[in-house]
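Heads up: the structure comes next, in structure tokens.
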Amino acid sequence: MKILVCISNVPDTTSKINFTEGDTKFDTNGVQFIINPNDEFGLTRAMWFKEKQNAVVHIATVGGANVEPTMRKALAIGADEAIRVNADPTDGFFVAEQLAAIIKDGAYDLVIAGRESIDYNGGMVPGIIASILDMNFVNTCIKLEVEGTEATAVREIDGGKEKIATTLPLIIGGQKGLVEESDLRIPNMRGIMMARQKKLSVIEPIAAIHATKDTKFEKPAAKGSVKLVTSVDELIDLLHNEAKAI
Amino acid sequence: MSVLVYTESENGKFKKNAFEVASYAHEVAQKMGTTATAVSFNASENESLGNYGISKVLNIKNDELKTFNAKAFAAAIQEAAAKEGAKVLILSSSADTKYVAPLLAGHLKAGYIPNVIAAPESINPFTVKRTTFSNKGFALSEITTDVKIVGVSNNAFGSIENKVATTIEDFSPTLNASHFSTKSVEIDKVVGKATIADADVVVSGGRGLKGPENWGMIEELAEVLGAATACSKPVSDLGWRPHGEHVGQTGKPVASNLYIAIGISGAIQHLAGVSSSKVKVVINNDPEAPFFKAADYGIVGDAFEVVPSLIEKLKEFKAQNA
Ligand SMILES: Cc1cc2nc3c(=O)[nH]c(=O)nc-3n(C[C@H](O)[C@H](O)[C@H](O)COP(=O)(O)OP(=O)(O)OC[C@H]3O[C@@H](n4cnc5c(N)ncnc54)[C@H](O)[C@@H]3O)c2cc1C
């Protein structure tokens, strides 16, 4: 089985969010970048397929040279090869078209992407890839098993979960649950050394549409201070009469 | 050139968000000088959409579509859009629509903006406001393609009554076996309980509750309030609660009217998921817990004392206000 894991390079979850250039750009100053958490679960699941079912695992990222440290981390975790599309990932449609071209060329059986990137929260890349390539698709995937060309996936739905049967080639939008948190891997020294030798190809983007653009950013208004109460009676009264929440 | 809205239903009944997206579609249609059409799957009471400004309902009656199937639903919505010549499609933010929307976007070569929190700022260019960075920021985003898809955040716009005359037209989309290449084999869902996605009130517990055996009081409080239950990430990682209840940057977003956080510290990743909630109440024994900075109301106290007493008092309050 040949697997592609789509990796997005996102600000660390503890990052303070600021904007710059007249609030038209995300301020990367002092921000640490990481593998998108949803993708990290997917990458770890791919490692399981590599170890248990001899799968070959590639990763792909759309981004400038600045994303390479994140890609090297994915290689250090155990991916075999990496592909970088040399373009700014400013629009989900554009990113999906780039990845779809790689998937088509590479004839991947299984594509693991994240449910969404935690920065722009577009949640569209795996689904758009699925529609461009007419691949089977399971979103918000929290479990995945593959036997030959048969796949069984579980996806999270509002208020529960749904088991889905389908076949390869398949793309999933993965998330927490795909593997246990405790199974996530931290690259060790040997992995980091090996990652340096692994192939990281850089390709130029194909012509593709840009369907959306962010023209301006804003931060939420500062919050007023909390009203502390000492009794539940007072709380109920405030929730009823002031906040009108009950 | 009408606006098309996908109104979700379950067991024949519209979900609460169906009326919200219908209201949103009506608003967009007005701004564009056109009307709003809904596409509805196996719903009874299609007329009720007329109360929210929908002047036409394309009514699909198809047993194969009784269970949600993303690919088949996307094909049906796409065909409805073509039939209506719709250039703007409106969807909710449920797990199902977030599954369908990108498929539609790909097929229609349409720009898709999810997590939209207000009516478009302008129609030309088509500009909407949405949340980004897991609710730590907002973006004004422009959709530049001919067809546009908008995913409305839960509870952001509200259901707004706007009675119009409605026609209901039967609609049979053309589907084939390839649309069912993913098959639902089992659905495991809590019935009759509010879900985090559409509950007005959410009661959430953190590691401060010490163990799963203490969740009885969280459930009881939720029951008194007609609320959904939720939790912080470590709680679901520890297996005290199901993964689907985990709220935050890597979990679910909550956009309820009231969010009650009990024994949750308020780490930045957790707060990211709750900032769209209108009123936040925190119960925590540590006055320094960061959650107090993000809350509207707070009680510094031991959850094991505060919560049982809150349950009692709320029961009395409900009895008096019934
Ligand atoms: C990549 C990444 C992603 C993450 N995503 C998320 C996410 O989506 N959602 C999320 O929730 N977290 C997330 N986290 C984890 C987050 O950083 C915190 O660790 C987590 O939110 C803490 O959960 P908690 O508040 O339940 O537990 P704790 O931090 O242990 O806090 C428990 C709180 O309970 C209080 N308490 C203890 N006993 C009592 C009592 N008897 N009565 C009242 N109060 C009491 C304590 O004072 C404390 O404030 C993420 C972390 C990382 C690294």
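Quick note: numbers below take in every heavy atom, side chains included, and nothing from hydrogens, waters or symmetry partners. In what follows, chains are A, B, ... by sequence order, proteins preceding strands, each numbered from 1.
- Looking only at side-chain heavy atoms (C-beta outward), Lys129(B) and Glu218(A) come within less than 4.5 Å of each other.
- For Ala105(B), the parts sitting under 4.5 Å from any heavy atom of chain A are the backbone and the side chain alike.
- In this structure, the separation between OG1 on Thr215(A) and CG on Leu140(B) is 5.0 Å, given to the nearest 0.5 Å.
- The contact between Phe19(A) and chain B is made entirely by side chain atoms (from C-beta outward), counting heavy-atom distances below 4.5 Å.
- Neither the backbone nor the side chain of Phe126(B) has a heavy atom closer than 4.5 Å to any heavy atom of chain A.
- Contacts between Thr67(B) and chain A at a heavy-atom distance below 4.5 Å involve the side chain alone, from C-beta outward.
- For Ala267(B), no part sits under 4.5 Å from any heavy atom of chain A, backbone or side chain.
- Only the side chain of Ile113(B) has a heavy atom closer than 4.5 Å to any heavy atom of chain A.
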Determine, step by step, whether Val306(B) and Val232(A) satisfy the side-chain contact (heavy atoms from CB on, under 4.5 Å) criterion, reporting the C-alpha distance in whole Å, the side-chain angles of both residues, the deciding distance to 0.1 Å, and the verdict.
-> CA-CA 7 Å; Val306(B) 177; Val232(A) 294; 3.9 Å; yes
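- Annotation: Lys15(B), atom NZ; neighbour count of heavy atoms from other residues, nucleotides and ligands within 6.0 Å is above 12.
- Contacts of Thr132(B) with chain A are made by both backbone and side-chain atoms, with heavy-atom separations under 4.5 Å.
- The side-chain heavy atoms of Lys161(A) and Ile187(B), taken from C-beta on, include no pair separated by under 4.5 Å.
- Side chains of Ile209(A) and Thr145(B) form a contact here, defined as non-hydrogen atoms less than 4.5 Å apart.
- With a threshold of 4.5 angstrom between heavy atoms, Leu225(B) approaches chain A through side-chain atoms but not through N, CA, C or O.
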Output, in order, the C-alpha distance, side-chain angles, deciding distance and verdict of side chain to side chain donor-acceptor pair (under 3.5 Å) for Asp214(A) and Ser141(B).
-> CA-CA 4 Å; Asp214(A) 295 323; Ser141(B) 306; 2.6 Å; yes
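- Within the 4.5 Å cutoff, the side chain of Lys71(B) has no heavy atoms near those of the Phe137(A) side chain.
- For Lys318(B), no part lies near chain A; criterion is any non-hydrogen pair under 4.5 Å.
- Only the side chain of Asn115(B) comes within less than 4.5 Å of a heavy atom of chain A; its backbone N, CA, C and O stay farther away.
- There is no contact between Lys193(B) and chain A, counting heavy-atom distances below 4.5 Å.
- Residues Leu239(A) and Val279(B) are in side-chain contact: their nearest non-hydrogen atoms beyond the backbone lie under 4.5 Å apart.
- Using a 4.5 Å cut-off between heavy atoms, Ser117(A) makes no contact with chain B at all.
- Nearest heavy atom pair, residue Phe133(B) against residue Asn121(A), reads N-OD1, 3.1 Å.
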When you look at Gln269(B) and Thr13(A), which way does the side chain to side chain donor-acceptor pair (under 3.5 Å) test go after all the steps?
-> CA-CA 6 Å; Gln269(B) 298 95 344; Thr13(A) 57; 2.7 Å; yes
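- Interface remark: Asn135(B) contributes backbone atoms only to the contact with chain A (heavy atom separation under 4.5 Å).
- The environment of Lys278(B) atom NZ is dense: over 12 non-hydrogen atoms of other residues, nucleotides or ligands sit within 6.0 angstrom.
- No close placement of the Tyr112(B) and Phe93(A) rings is indicated, their centers lying 6.0 Å or farther apart.
- For a residue to count as touching a neighbouring chain, one of its non-hydrogen atoms must lie under 4.5 Å from one of that chain's; by this rule Ala101(B) does not touch chain A.
- At a 4.5 Å heavy-atom cutoff, the contact between Val281(B) and chain A is made by side-chain atoms alone.
- Contacts between Glu156(A) and chain B at a heavy-atom distance below 4.5 Å involve backbone atoms as well as side-chain atoms.
- Between Pro220(A) and Lys136(B) the shortest side-chain heavy-atom distance does not fall below 4.5 Å.
- Two residues are said to be in side-chain contact when any heavy atoms from C-beta on lie closer than 4.5 Å; Phe292(B) and Leu228(A) meet this criterion.
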Please test Ser181(B) against Asn136(A) for side chain to side chain donor-acceptor pair (under 3.5 Å), starting from the C-alpha separation and ending with a verdict.
-> CA-CA 7 Å; Ser181(B) 58; Asn136(A) 291 328; 2.5 Å; yes
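- Note that CG of Asp296(B) and CD of Glu242(A) are 9.0 Å apart. Values are rounded to the nearest 0.5 Å.
- Chain A forms more heavy-atom pairs under 4.5 Å with one residue of Lys98(B), Lys109(B), Lys293(B) than with any other, namely Lys109(B).
- Distance check: Ile132(A) CD1 to His107(B) NE2 gives 10.0 Å after rounding to the nearest 0.5 Å.
- Contact annotation for Lys223(A): only side-chain heavy atoms (C-beta onward) come within less than 4.5 Å of a heavy atom of chain B.
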